[in-house]
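Some notes on the structure that comes next.
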Amino acid sequence: RKEKRTVYATLGVVENYYQKSRVAQIKLVKNIEQGMHVSFKGKHTELLDRVIMEMRNDEGEAITEAHAVQTITIPLTEKVRKNDKVVLVS
């Protein structure tokens, strides 16, 4: 039986995925915090649910929250693609 979940607003868009270091670069359109449950979805990316455990700003410094218009990176073992949407889920 599938777990019921609610998809909320788009938080950002993937700008790049760095395969070697396994991090996704995301341009935010809304604020985001460590511990948020998000999903990645795109044309060729299956729905990928993750809890944000770590994120870094442009300078590579670890941060616990980021604001709209910021670009952040988060570690991801699964590949995501440019223009995949990052959405908040519950």
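Not measured: the values here are computed from a predicted model. Here, residue 1 is the first one in the sequence, and each next residue gets the next number. Side chains are part of it too, since the values below use all heavy atoms of this structure and drop only hydrogens, waters and symmetry mates.
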Show your working on side-chain contact (heavy atoms from CB on, under 4.5 Å) between Ile26 and Phe40 and close with a plain yes or no.
CA-CA 11 Å; Ile26 302 164; Phe40 294 83; 4.0 Å; yes
List the steps and the verdict of side-chain contact (heavy atoms from CB on, under 4.5 Å) for Ile72 and Leu28.
CA-CA 8 Å; Ile72 62 165; Leu28 297 176; 4.2 Å; yes
Report the C-alpha separation of Val51 and Met36 in whole Å, then their side-chain angles, then the decisive distance to 0.1 Å, and conclude whether the side-chain contact (heavy atoms from CB on, under 4.5 Å) test is met.
CA-CA 6 Å; Val51 174; Met36 281 183 155; over 6 Å; no
Quick one, Val13 with Asp84, criterion side-chain contact (heavy atoms from CB on, under 4.5 Å). Give me CA distance, side-chain angles, the key distance, then yes/no.
CA-CA 6 Å; Val13 177; Asp84 283 355; over 6 Å; no
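With no hydrogens or angles considered, a side-chain donor-acceptor pair links Thr45 and Arg81 at under 3.5 Å. Between the side chains of Gln25 and Tyr18, a donor-acceptor pair is found at a separation under 3.5 Å.
There is no path of hydrophobic side-chain contacts, each under 4.5 Å, that joins Val23 to Val38. Linking ILVMFWY side-chain heavy atoms closer than 4.5 Å, directly or via other members, places Leu11 and Val29 in two distinct hydrophobic clusters.
Closest non-hydrogen pair, Met55 versus Ile74, comes out as CB-CG2, 3.5 Å.
Side-chain contact between Val14 and Asn83 is absent, with no heavy-atom pair separated by less than 4.5 Å.
Of the inter-residue distances, the one linking Glu61 atom CD with Arg56 atom CZ reads 9.5 Å to the nearest 0.5 angstrom. Here the straight-line distance linking atom NZ of Lys85 with atom OG1 of Thr10 works out to 6.0 Å at 0.5 Å rounding. A distance of 4.0 Å separates CZ of Arg50 from CD of Glu78, quoted to the nearest 0.5 Å.
Asn31 places a side-chain N or O within donor-acceptor distance of the main-chain N or O of Ala68, the cut-off being under 3.5 Å.
Under the salt bridge (Lys or Arg N to Asp or Glu O under 4.0 Å) criterion, no residue pair touches residues 15-44, with sequence neighbours excluded.
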